[in-house]
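Comments concern the structure below.
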Amino acid sequence: MSADMTNESVKTIEKGEVLISVLELAKHYKSKAGEIHALDGITTDIRKGEVLVIIGPSGSGKSTFLRSLNLLERPTGGMITFEGKDIMSSESDINLLRQKMGMVFQHFNLFPHLTIIDNMTLAPRKLLKMSKADAEAKAMELLERVGLEDRAKAYPSQLSGGQKQRIAIVRALCMQPDVLLFDEPTSALDPEMVGEVLDVMKALAKTGMTMVVVTHEMGFAKEVGSRVIFMDEGRIVEEGTPEEIFTNPTNERLKTFLAKVL
Amino acid sequence: MHYYDLASRVCLDFSSWWQQMKDEFYLNFIKDDRYMYLLKGLWMTLQITFFAVLIGVALGVVAAIIRSTHDKTVKDMRPGFGRFLLKLLNLIVKLYLTVIRGTPVVVQLMITYYIIFASSTNQMLVAVLAFGINSGAYVAEIIRSGIMSIDNGQFEAGRSLGFNYIQTMTFIIIPQAIKNVLPALANEFIVLIKETSISGYVGIQDLTRGGDVIRSRTFSAFMPLFAVAIIYLVIVIFFSKMVSILERRLRNSER
C-alpha cells in the first residue's frame, strides 16, 4: 500500500508505480436470502504494466470487483483511487476517468447498428474530439494489428464470436486507456475461437498495457499473468505470482478450486 | 319478356346510370370548383399530421427517456437533488400519459381549442398542438418499450467508453430502440393521419370537413364521402409502402 497515491502532484505514472489502489472495498446489499456480502473488504494495488489475473469460483465476487473498478457496480464501502483520484468522490468526473479505463465484456457488447469502424471511432470522435480521418486512421492501424482490417465496413452480426471479441478489445484501445479491464473475455466463445482472443491479449500484455483480467483460462493466467488473485466469498483468499498460486498452493480452498478446474 | 328487351333495358339502364354518375361528378367536384374543398382540405390534413408527428416524436422520446431512466436507475441513485428531480419528472410524465391516454382525442382537441387557446385565432396551430401532445403519449410508450428491449450490455459498453448517460442514450440506445419499434411507430402515424379527421369539430377545413362541405352544398353524399375515403386510403397505403421500404433498408444494413 502506498499512501502517496492520493497526492495530486503525481501526473504521469511510471511503469511499476501504483495505477489503481483499492482499499477495503465492500459491496453489501440486502436480498431475500438476507444480507449479501458480494465484496467483503478487498485491498490491493494494481501497478502500471502488470497483468493481474483474478480467478475464483462463480459467485466469488470477481466480476463484481472488476466492475467496481470503473463503477459499473457501485460499491457500498471502501475506496478506489485511480491515477491519484478518488473515483467514488462526487468531485471526480467518472465519465472522464472511464475514458482512461477500457473494458472488454463477456458478451462483446459491440454496437449492432454501427459498422466495425464506426464502433471503434464513435467514442474517440465524440469524446476526444478527434477528426473522422484521424480516428479512422488510428482504428485501421489497430484493426491491422488484430488482422481484421478487411472487416472495417462490416457490421458486428457478420463476424464470428472470436472476431467480435478482438474488435471489442481494439474498440477499447481506440480511447488510448491506461488500463484495460477484461470481464471473462473468452467465456462466451466457442472453444476453437478462444485462442485467437488470448493471442491478442498476450500481444497486448507484451506492449506493457496494464490489464486486469477475470478469467477461467488457467493457461493464460500461468503464461501471461504477472500476479494472480484467488477470490472466494467476496474476499481475496490468496495472492501471488502464477508459480506461487499454481505450483504450490497452500490454501485449502484454492487447492480444491484448482483441483476442479485444472 | 324477350331476351332482346332485357338486354336493351340493361343497356339503357347502364347508360342512364352512367349519365347520372357523370352529372353527379360534375355537380360535386367540377361545378363552382368544388374539388378545391378536397384539395385544400387534403393540404390542411397533411400539414397538421406532419407537424403533429414532429411534436409527437419529440415529446415521446423525451417522455420515454425520463420513464426508462427512472425505472432503470432510481434504485441505485444516491439521495439528493438529482434523484428528487428524476422522481418529479417521472411523476409528471406518468400523469401526462394517464390523462392523454385516458380521454378521447376529440375532447382533448375541444378543450385545447375552446379553453386553453380560447383567445387564439390560429386553428391549425391549436390542432397541431392537440394532436402532437396526444400522439406523444402513445409514441412515448412505444419508444419506452424499445429502450427497455435493448440489452443492458449496450448501455454498459457505452458508459465504459466514457459516454455519459445522455450521450449513451443518444448515440447507442435510441437509434437501436427506434429501429426496433419502427413498425409500431409507423402504425401510430397512420392512426394519427386518420385521427386528424375530427379537426372539423373546431372548425378546421381539413379533408373530411371539405368533403362534408361539398355534401352540404350539393345534397348528395355518395361522391364526396367516397372521394374522401379513397384519398385517406391512398395516403395510408403510400405511407405503409414507404415504411416497409425503410424497414427493409435498415435491416439490410446489418446483414
Side-chain angles (χ1 to χ4, degrees), chain A residues 27 29 66-67 69-76 88 90 93-115 118-128 153-159 167-168 171-177 179-183 188, chain B residues 61 69-86 143 145-183 185 246-255:
Chain A
K27 185 175 174 87
Y29 55 88
L66 188 82
R67 290 159 53 83
L69 293 179
N70 66 355
L71 293 195
L72 283 186
E73 300 268 354
R74 215 160 244 290
T76 53
M88 282 188 266
S90 53
D93 181 355
I94 185 61
N95 297 315
L96 223 54
L97 294 173
R98 279 185 184 135
Q99 294 181 14
K100 294 274 134 204
M101 309 169 114
M103 188 155 196
V104 176
F105 298 87
Q106 182 177 359
H107 295 288
F108 332 124
N109 297 348
L110 296 179
F111 307 133
H113 64 302
L114 299 177
T115 58
D118 289 342
N119 260 278
M120 295 173 68
T121 55
L122 181 69
R125 285 173 59 192
K126 302 288 182 193
L127 297 172
L128 305 180
K153 294 278 175 234
Y155 281 88
S157 60
Q158 298 165 315
L159 304 184
I167 297 295
R171 178 177 71 180
L173 285 177
C174 275
M175 288 298 284
Q176 292 161 311
V179 57
L180 263 189
L181 312 174
F182 292 83
D183 190 5
Chain B
V61 168
T69 302
H70 176 271
D71 289 0
K72 268 188 187 175
T73 62
V74 86
K75 293 194 299 292
D76 303 328
M77 276 176 96
R78 285 174 288 196
F81 178 71
R83 184 165 169 209
F84 171 76
L85 187 69
L86 185 56
I143 292 185
S145 75
I147 291 173
M148 294 312 235
S149 75
I150 304 295
D151 179 44
N152 203 37
Q154 290 292 311
F155 192 76
E156 291 188 342
R159 296 307 300 270
S160 80
L161 285 166
F163 287 115
N164 65 29
Y165 188 90
I166 299 289
Q167 289 167 326
T168 307
M169 278 289 171
T170 316
F171 300 132
I172 296 157
I173 307 296
I174 298 286
Q176 295 184 58
I178 299 252
K179 196 148 83 176
N180 287 356
V181 298
L182 202 59
L185 274 182
L246 183 67
E247 260 179 72
R248 211 174 318 137
R249 279 243 181 121
L250 288 172
R251 256 205 315 275
N252 283 347
S253 73
E254 279 180 27
R255 291 286 133 78

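Below, chain A is the first sequence line, B the second, and so on; all start at residue 1.
Across A:Phe105 and B:Ala157, no two heavy atoms sit closer than the pair CE1-CA, 3.7 Å. When every heavy atom of B:Phe163 is checked against every heavy atom of A:Asn95, the shortest pair comes out as O-OD1, 3.5 Å. Smallest separation of non-hydrogen atoms from A:His113 and B:Ile172: CE1-O, 3.7 Å.
Proximity to chain A among residues 145-154 of chain B is limited to B:Asp151, B:Gly153, B:Gln154, judged by heavy-atom separations below 4.5 angstrom.
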Derivation and outcome, side-chain contact (heavy atoms from CB on, under 4.5 Å), residues A:Arg171 and B:Leu161: CA-CA 9 Å; A:Arg171 178 177 71 180; B:Leu161 285 166; 4.2 Å; yes
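The only option from A:Leu71, A:Leu72, A:Asn70 that meets the side-chain contact (heavy atoms from CB on, under 4.5 Å) definition with B:Arg159 turns out to be A:Leu72.
For A:Met101, the part lying under 4.5 angstrom from a heavy atom of chain B is the backbone only.
With rounding to the nearest 0.5 angstrom, the CD atom of B:Glu156 is 4.0 Å from the CZ atom of A:Arg67. Taken from CG in B:Asn164 to NZ in A:Lys126, the straight-line distance is 13.0 Å, to the nearest 0.5 Å.
Counting heavy-atom pairs under 4.5 Å between each of A:Ala172, A:Ala154, A:Ala123 and chain B puts A:Ala123 at the top.
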